> 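Here you go, one structure.
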Amino acid sequence: MARRKKIYEGKAKILYEGPEPGTLVQYFKDDATAFNAQKKDIIEGKGVLNNRLSEFFMTGLNGIGVPTHFMRRLNMREQLVRNCEIIPLEVIVRNYAAGSLSQRLGLEEGTQLPRPIVEYCYKDDSLNDPLVTEEHIAAFGWASQQDMDDILSLALRVNDFLSGVMLAVGIRLVDFKIEIGRIYEGDFMRLIVADEISPDSCRLWDIETGQKLDKDVFRRDLGNLTDAYSEVARRLGVMPRNATQMTKPTLIN
Ligand code: UDP
């Protein structure tokens, strides 16, 4: 069988050429990285959980008319997605202060923000994904003013959807990051939510206890990462506990 063509390999995912033009296969690895890959580990089962969780969130978004790149899940670690041109921005939405915002502005983590705050970072690992303003984005031509209006509206719709879904299972959506891609349909260009939505890219805190159920468990050495992600999946009814352990075929004697 011919090897498939690898299009791109990132820190947590690999993109392969898809079966039809305009599609890609997105493979979720078990690699966890933080602090621009200075901290690294392999967390068995993480990729399986993120594949399912991203499928769950993206399917929900597609269902309420927020377009995403997600087409369908192929297997435990792979999903078929639309090939899009990624805008080189990380779009961050914050409902409560945490992480870099807390550090930058001296806000205690968990402080409720007066309204959702949307921030943009320029996607460049060699520069540590610096925070940029709309002035930079316009001046360097990364996105037009119309794109930025559409991106803001997409980001806030994703925030409302995810906040509601998480609230229903006793989880506070503190903040998250999305990436946006362009797809071309004839003469038209559309912006869609791409990449992934998972506990790798969100901050999720238990509403009652404040327990962290996201990548901060890894970043800050707070315990077992797959346990945290499994808890999110279990509450959302996405997959049963321990299903992630079945990553390799087992021989039946
Ligand atoms: N985030 C991400 N990828 C990045 C940077 C941030 O997914 O490269 C997410 C992060 O998990 C959090 C939100 O974006 O949910 C805000 O992150 P922050 O700016 O506070 O950065 P951090 O403290 O994680 O460095």
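Computed from a predicted model, the values in this text were never measured in an experiment. Read the numbers this way: they start at 1 and go in the same order the structure lists the ligands and their atoms.
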> Does the protein put a heavy atom under 4.0 Å from atom 25 (O) of ligand 1?
no

> Out of curiosity, is K215 lining ligand 1, as in a heavy atom under 4.0 Å away?
no

> Return the residue, atom name and 0.1 Å-rounded distance of the protein heavy atom closest to atom 21 (O) of ligand 1.
S100 OG, 3.8 Å

> For atom 12 (C) of ligand 1, which protein heavy atom lies nearest, and how many Å away is it?
D175 OD1, 3.1 Å

> Would you call K13 and E179 a salt bridge, taking side-chain N to carboxylate O under 4.0 Å as the test?
no

> Can the positive tip of K39 be found less than 6.0 Å from the middle of the six-membered ring of F218, inside 45° of the ring normal?
yes

> Among the heavy atoms of D200, does any lie under 4.0 Å from an atom of ligand 1?
yes

> For atom 23 (O) of ligand 1, state which one of Q103, R203, R219 supplies the nearest heavy atom.
R203

> Drop me the distance from M148's CE to W142's CH2, to the nearest 0.5 angstrom.
10.5 Å

> Only heavy atoms of D129, strictly under 4.0 Å: list the atoms of ligand 1 that pass.
8 (O)

> Determine, considering heavy atoms only, which of E109, R94, K177 sits nearest to atom 14 (O) of ligand 1.
K177

> Any side-chain to backbone donor/acceptor pair from Q145 onto A138? Under 3.5 Å, distance only.
no

> Please state which protein non-hydrogen atom is closest to atom 8 (O) of ligand 1 and give its distance, to 0.1 Å?
E90 OE1, 3.1 Å

> Within ligand 1, which atoms have a heavy atom of C202 less than 4.0 Å away?
15 (O)

> Which of the atoms in ligand 1, numbered in the order shown and given with their element, are less than 4.0 Å from a heavy-atom of G99?
20 (O), 23 (O)

